[in-house]
Amino acid sequence: MSTAVIKPEHEAARKHFIFTQEHLDLGESMKAWVRKELYPHRNEWEETLWPDEAMRRAGELGFLGLCFPEEYGGQGGDYFYSLVRAECMSYSGSGGTNMGFAVQTDMVLPPVHLLGTEEQKQRFLVPGIRGMKIGCLGITEPGAGSDVAGIRTTAIRDGDEYVINGSKIFITNGARADFGIIVAKTDPEAGHAGITLFLVDLRDSEGNAVPGFTVSRTLEKMGMHASDTAELAFEDMRVPTDAMLGEEGKGFYHISWELQGERLVAAAGCYAGAERMFERTLEYAKEREAFGRPIGRFQAIRHKFAEMATKIEGAKQMTHATAWRFASGEYPVREITMAKLNASRVCHEVADECVQIMGGYGYMKEYEIERAYRDQRLNRIGAGTDEIMLDVIGRSYGL
Ligand SMILES: Cc1cc2nc3c(=O)[nH]c(=O)nc-3n(C[C@H](O)[C@H](O)[C@H](O)COP(=O)(O)OP(=O)(O)OC[C@H]3O[C@@H](n4cnc5c(N)ncnc54)[C@H](O)[C@@H]3O)c2cc1C
């Protein structure tokens, strides 16, 4: 019998089953770019917002089109590249930048690809993948957020056109967007069945707002300061009938599909963001001394790291397993909802513990956990609140 001692490999890379060597290689090169070209600007962009050129640069490098077909300028990769991208973006040190990019890659472009006509894909998907046009998604309104069927924006047919009236609020990229997907009611009496999506230019070639559209105000927020968040107004904005995206009256189902991809990527952003906070705080706990030893050597602190690591790994595995189902052709709404709910809670708990472990320094801007703590709070609200996630899960059991 061999007397060799098999030792645990605590330092080995933890490869996750959905990722091939190609995913990992692409991840390494994107991560290197994020560290080199985004991370150094994390503080400046809190004041100035992330610049459009950053999106163009990402497009030039192929990072915006990882999962889209090559014929539209994408890289033709599988769904897992969306998770790779979300993980890489977590190295930017700027939740606002990550959110602005995710709106483009995971909220706006996927519906254009899935539902768009060839002409719409040429006009919006191709320049969107290149980063030459920036998009936004307008679902939420001042009077209706979680309750999408309660929206009031209308798009009423008038000959060869639709006339859009109404307003949208909390719209990420809304102040700068060249185009948007706008959710409106084509039949205000028909509830869910009266909702339709429109894919519209918001600015002309000179960058001016198109007639009937205005950015009524930009909004100040608790966190995500590098991202612009706007209230948009539509007043008799006329669009041709071919601005419709997908089928008339099917917008509620289209947007429900969009939200699944958005939630999975949000879950990836959450566990990856939590990992970055964990790493930063671990470094600190190994250096900071109290009572003659590094604080990480106190059992109370060591156990906090153990709890965080376990939660992060759980969130990651749940997201990966769900992404595998999604990519395998299933439409696992319950599991996607669980993954998003769980990962955003984990991210929140990790952020809170990291601030605690860093003590007074955790509360200071220069240590960056302070910003991450504020930025991550949105995850339990955006892309569906915790309460709505719980309701979707509960209802899926026939309750
Ligand atoms: C920074 C930021 C960026 C955003 N970006 C975008 C964007 O790009 N595009 C876009 O369309 N939207 C965007 N949103 C909007 C976001 O998706 C909504 O804020 C979110 O869906 C919640 O809607 P609400 O704010 O209207 O809250 P409400 O729906 O009014 O909810 C208020 C509270 O009531 C609870 N609640 C509501 N209904 C139920 C229920 N049935 N059961 C139990 N509890 C319930 C909620 O969980 C919440 O706690 C953004 C929001 C923020 C803050």
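Each ligand, and each atom within it, is numbered from 1 in the order the structure gives.
Distance check, rounded to the nearest 0.5 Å: NZ of Lys304 to CG of Asp352 gives 8.5 Å. One finds the CD atom of Glu258 at 4.5 Å from the CD atom of Glu262 (value rounded to the nearest 0.5 Å). Leu232 CG to Thr140 OG1: the interatomic distance, rounded to the nearest 0.5 Å, is 10.5 Å.
In terms of protein heavy atoms, atom 44 (N) of ligand 1 is closest to Glu387 CB, 3.5 Å. Residue, atom and distance of the protein heavy atom nearest to atom 26 (O) of ligand 1 are Gly145 CA, 3.1 Å. Given atom 10 (C) of ligand 1, the protein heavy atom at minimum distance is Thr140 OG1, 3.4 Å. Nearest protein heavy-atom contact of atom 7 (C) of ligand 1 is Phe170 O, 3.4 Å. In terms of protein heavy atoms, atom 29 (O) of ligand 1 is closest to Ser146 OG, 2.6 Å.
Between Phe305 and Phe278, the ring planes lie perpendicular to each other; the angle is over 60°, past the 30° to 60° tilted range. Classified by interplanar angle (parallel below 30°, tilted 30° to 60°, perpendicular above 60°), the ring pair Tyr361/Tyr284 is tilted. Below 30°, between 30° and 60°, or above 60°: for Tyr81 and His23 the angle between ring planes is between 30° and 60°, a tilted geometry. The aromatic rings of Phe252 and His192 lie perpendicular to each other, with more than 60° between the two planes, well past the 30° mark. Between His41 and Trp45, the ring-plane angle classifies as parallel under the 30° and 60° cut-offs.
The local environment of CZ in Arg395 is sparse, with at most 12 non-hydrogen atoms from other residues, nucleotides or ligands closer than 6.0 Å. Under a cut-off of 6.0 angstrom, the local environment of CZ in Arg130 is sparse, with at most 12 non-hydrogen atoms contributed by other residues, nucleotides or ligands.
Close contacts of ligand 1 with Ile388, meaning ligand atoms under 4.0 Å from a residue heavy atom, involve 38 (N), 39 (C), 40 (C), 41 (N). With ligand atoms numbered from 1 in the order given, ligand 1 contributes 1 (C), 2 (C), 52 (C), 53 (C) to contacts under 4.0 Å with heavy atoms of Leu378. The contact set between ligand 1 and Ile381, taken as ligand atoms under 4.0 Å from a residue heavy atom, comprises 19 (O), 20 (C). Close contacts between ligand 1 and Ile171 involve ligand atoms 7 (C), 8 (O), 9 (N), 10 (C), 11 (O) [criterion: under 4.0 Å to a heavy atom].
Not a single protein heavy atom sits closer than 4.0 Å to atom 35 (C) of ligand 1. Within a 4.0 Å radius of atom 13 (C) of ligand 1, the protein has at least one heavy atom.
For ligand 1, none of its N or O atoms has an N or O atom of Gly138 under 3.5 Å away.
Of the listed options Asp375, Thr385, Leu137, Ile182, Leu137 places a heavy atom closest to atom 9 (N) of ligand 1. Counting only non-hydrogen atoms, the option in Thr172, Leu219, Ile169 that gets closest to atom 8 (O) of ligand 1 is Thr172.
The side chain of Lys221, and not its backbone, has at least one atom closer than 4.0 Å to an atom of ligand 1 (non-hydrogen atoms only; side chain from C-beta on). Contacts between Asn173 and ligand 1 below 4.0 angstrom, taking non-hydrogen atoms only, are absent altogether.
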